[in-house]
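Reminder, nothing fancy here: chain letters follow the sequence lines and each chain counts from 1. Computed from a predicted model, the values in this text were never measured in an experiment.
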Protein chains: 4
Amino acid sequence: MAKDNRQRLGRAEARDKLLRAAARVFLEKGRGATVEDIAAEAEYSASALYKHFSNKDDLFRCLWHRVFTEMIEVFTNEPPMDLPFVGRLKWTLYSIAEFAENDRDLFLAAMANSPIAESPMTLDEEFLEKHHQMRDAFNQLMSRGIEEGVLRDYDPATLAMAMGGSLQALTGHWALEGPFPLKPHMDDLIELFMNGAAKKPED
Amino acid sequence: MAKDNRQRLGRAEARDKLLRAAARVFLEKGRGATVEDIAAEAEYSASALYKHFSNKDDLFRCLWHRVFTEMIEVFTNEPPMDLPFVGRLKWTLYSIAEFAENDRDLFLAAMANSPIAESPMTLDEEFLEKHHQMRDAFNQLMSRGIEEGVLRDYDPATLAMAMGGSLQALTGHWALEGPFPLKPHMDDLIELFMNGAAKKPED
Amino acid sequence: MAKDNRQRLGRAEARDKLLRAAARVFLEKGRGATVEDIAAEAEYSASALYKHFSNKDDLFRCLWHRVFTEMIEVFTNEPPMDLPFVGRLKWTLYSIAEFAENDRDLFLAAMANSPIAESPMTLDEEFLEKHHQMRDAFNQLMSRGIEEGVLRDYDPATLAMAMGGSLQALTGHWALEGPFPLKPHMDDLIELFMNGAAKKPED
Amino acid sequence: MAKDNRQRLGRAEARDKLLRAAARVFLEKGRGATVEDIAAEAEYSASALYKHFSNKDDLFRCLWHRVFTEMIEVFTNEPPMDLPFVGRLKWTLYSIAEFAENDRDLFLAAMANSPIAESPMTLDEEFLEKHHQMRDAFNQLMSRGIEEGVLRDYDPATLAMAMGGSLQALTGHWALEGPFPLKPHMDDLIELFMNGAAKKPED
DNA sequence: AATGAATGAGTATTCATTCAT
DNA sequence: AATGAATGAATACTCATTCAT
C-alpha cells in the first residue's frame, strides 16, 4: 500500500548518480566508506550498486578513471597558442579552477587520492600513468616557456614542481576551508611564480 | 627444544619497533593495514601489540603524534636569528630534509596522511591542530621576511603556500621515485621562490 | 528499430524450454545453479521464469516431477507378459536406454539427483515416494521371476539391488564418458546377472 | 562473569572436529550447508573455522581429500594374495564395510559426493582422479580373477561395474534406511555375482 | 508474454580484540 | 613479556524475488 519509492532511472543516470555519491562519501569517510554508505547516499540499495559495478574496487576504479580522464582533458587541452606564455598558464589554471568549482566532489575526491596519499605501492598501473600524463603536460608547458625565452633556463621539472605544488597547496586549502573563488589566488600564485621564473632584463 | 626466539625487549624498544613497523606497513597498504600485518612486520604477534597500545586507533594516534611532533619541532625550532632570511629558510628546509632522509618511513607515512589525503572530515581535532601549527610556523617565517623587508609585501599565507606546496611536491616526487639527495633540489626551489618573492631594487 | 527478438511462444513450449534449460544448467552447476543462469540458458530473462513457475523450488519440483514421472512410466509400464522373464527384463532396460538416449539432459539430471546424492534428509516426501515406486517396480519384476521359477530363491530386494546397481553404474559411466550405445552393455549386464561371473566347467 | 565456554584444543584436534562436523552437516543439508551451521555443529564460531581452512571450498576440498584418501587406501590395500579370488573380493568388501560402519558420517558424505551426484563437469581434476583410482583398483581385482581362471572371460570393466554398482546400491540403501550390518548383505551380493541369478537345474 | 530496474534477506569472509597459558 | 586459540561485529557480495512498463 505504501507508495513505492523506488527510483526508476535509466542505466546511465543511475551509474552517474552512484559515482557522484561515491565521490561524496569517499570524501567524508575515506577508503573505508561502506558500499551501503555509498548506495544510501545515492538513494539506492547496496545490491542495486552491483548491477552497475562488479564490486567496490570496480566502483572506485571507475570513479578515478572518470575523474582523472576529465582532469587530463583539462591539463592536455592545449591552450590557444597565440596567447603569450603567461596567458597560456593562466588559461590552464583557470580551466582547472572551473572544473574544481563545477564538480567539487569529483575534484576533491581525485585530490584526496593523489599518489602519495593512498598507499603508493599498490597503485594501479593505469592510475599511475594518468598521473604521469598530468605531470608531463605541465612539464611540457614549462619547456615551451623556456624555448620561447619567457622562462629562465631551469629544469622544466623544477618549474613544474614549483607551480604544480603551489597549485596543489591552494586547492588543498580550498578543500579544507570551504569554497572560495579560486581564480584570484591563482593570479597571485602565477605572479609570484613568474616574478621568480621570468627572465629579467638584467639576467 | 628449538631455541625460544621470542623477543624480550624493553618496553620502549618494543614500542618503537611496532611504531616503525606500522609506518612501513601503512605506506604499503594504506589505511587497510591489518593489526596482524603490522605485528608481523615488527616480528611480533598481534596480541603482543595490545600490550603496548590499547587498540589500533591508539597505535595510529601514537604514530601520527610522534611523527607530527618531530615535524613540528623541525618547523618551530627557530633557526639562529642572526642568519639572514634566506639562511633561515634554507636552515628550516634542510632540517626537514634531514628528518626525511633519516626517518624515511615515518616521514612518508606522515605525508601520506596529510589532511587532504585521508578524509578531511574525520580528522581528529588534535591532528588538525598539528597541521595548523606547522602551517602557522611557515606563515610566521614569511611574515618575518616581510617585516625585515626581504620579501615583497604579499599575503604571508600566499608565500607559505607557494614555498610549502613546492616543498610538498618535491618530497612527493622523492617518495615515489626513490631516495635521492633532497638538499640540492631544495636550493633550486628556494632560489626560484626568492627570485620571485624577493623584493627587487626597482620595487 | 532493431527487430524485437523477444520470444512469443505458447505457454507450454516456454515451460518446456525452461525445464530443459534447468536440467542442463543443473548438470553443469549443480544445486548452485542460479535462476538467472537457467533463464539465460533458455534465452529468457529471469523474471519471465516467474510467469511459468512460482519460484525456484517450484521449478525444480516440476523438473523432478516430470523426469521421475517419465522414469516411473518406463519402469512400471508392464512389458508384454507373454515374453519370458529375461525378455521382460531386457524390455525394461531397453526402455530405460531409449529414454536416456532420447532425453539425455533430463535423464542425467534425474540421476544426479538420486536420493543419496543430494542431502537425503531434506528430500521431499513426494520425491522419495517416486524413488520407492521405482524400486518397487524393480522388486516386483524380480518377484515374478522367482515365482515363475526362472530366478533363484533370493530375496527379491537383493536381486533388484544387484541388477539396479549395475544399471546405475552403467549409466553413471555413460554420463561421465560421453554417450555411447547403452543396449549392448545392458545385454552384458543382463547375461552376467543371470549367469554369474564364476567360470563354469563347461565354459 | 559467565563461565568462558571456549574450547581450547590443539590445532589438529580442532581441525578434525571441524571436518567431522562438516561431513555431518553436509549430509543433512547438502552443499548448501552454511559455514555457520558447520562451525556450530563443531561447537565453534564461524570465524574460528577460518583459522583452519582458508575458505568454505577449501574446507570441503579437505573433507573429500581426507575421505577419499581413506577410501582409496581401503580399495588399494592389496588383500593377502594367498587367498583365493572370492576370499580377496570378500576381504575388500569387508574392509569397506568396516570403514563405513566405523566412520559412517565421513563415508556417507563421500558417497553423497560421488561424481555423478554433484555437477560432474565442475569436478576438480584431483577429485576425478581419486575416483578413477578406485575404479581401477576394482578393475584390477577383476582382471586378476580372469587371469587366474576363476572368472569368466568378460570385460573386467563390466564385471567391476556389476559388482561395484551392486555394492553402491547396497550402501545407498544402508544410508537411507539406517545402519544395519553390511557384511551379510555383502555375502549375498558376492554369491549372486559369482553364481548368477538364474535358477540352475541342480537348484 | 516479456523485461529491466530494484530490493531484502541471507552468507562468506575479514579483522580488531580478548584471554588463558 | 609474549603467544595461540578463539570470538563478535562488521561488511562485501549473491540471489531469489517483485513490480511497473
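- Salt bridge annotation for K17(C)-E43(C): present, with a cationic side-chain nitrogen under 4.0 angstrom from a carboxylate oxygen.
- What separates CZ of F53(C) from P of dT18(F) is a distance of 16 Å, to the nearest Å.
- Distance L49(C) CG to dT17(F) P: 10 Å, rounded to the nearest Å.
- Whole-Å rounding puts the I38(C) CD1 to dA2(E) C1' distance at 18 Å.
- With rounding to whole Å, K56(B) atom NZ is found 19 Å from dA9(F) atom P.
- K51(A) has no side-chain polar atom (N or O) that falls below the 4.0 Å cut-off from OP1 or OP2 of dA5(E).
- Nucleotide dA9(E) has dT14(F) as its partner under the Watson-Crick or G-U criteria, with both atom distances under 3.5 Å.
- With DNA chain E read from its 5' end, the first of the two nearest nucleotides for E43(A) and S54(B) is the one closest to E43(A).
- Between Y44(B) atom OH and dT3(F) atom P the separation is 7 Å, expressed in whole Å.
- Of the residues near DNA chain E, A48(C) and A14(A), the one whose nearest nucleotide (by heavy atom distance) lies more toward the 5' end is A48(C).
- Of the two residues near DNA chain F, A33(C) and S45(D), the one whose nearest nucleotide lies more 5' is S45(D).
- Across the protein-nucleic acid pair, N55(C) atom CG and dG8(E) atom P stand 20 Å apart, rounded to whole Å.
- In this structure, the CG atom of D57(D) is 14 Å from the C1' atom of dT11(E), given to the nearest Å.
- Contact of S47(B) with dG4(F) (side chain to base): a donor-acceptor pair of N or O atoms is detected under 3.5 Å.
- Contact check on K29(C) versus D37(C) returns a salt bridge, with a Lys/Arg side-chain nitrogen under 4.0 Å from an Asp/Glu carboxylate oxygen.
- Ion pairing between a basic and an acidic side chain is recognised when a charged N comes within 4.0 Å of a carboxylate O; R66(D) and D16(D) show such pairing.
- Side-chain proximity of A46(C) to dT17(E), dC15(F), dT17(F): nearest is dT17(F).
- Taking CG of L19(D) as the start and CZ of R24(D) as the end, the distance is 10.5 Å to the nearest 0.5 Å.
- Within the structure, a side-chain polar atom (N or O) of R11(D) is placed less than 4.0 Å from OP1 or OP2 of dA5(F).
- Under the Watson-Crick or G-U wobble criterion, with both distances below 3.5 Å, dT21(E) is paired with dA2(F).
- Proximity note for Y50(B) (side chain, C-beta onward) versus dT13(E), dA16(F), dT18(E): the nearest is dT18(E).
- H52(B) has a side-chain polar atom (N or O) that falls below the 4.0 Å cut-off from OP1 or OP2 of dA2(F).
- When rounded to the nearest whole Å, the span between CD of E36(B) and P of dA16(E) equals 8 Å.
- The backbone N or O of D58(D) lies less than 3.5 Å from a partner atom in the side chain of N55(D), making a donor-acceptor pair.
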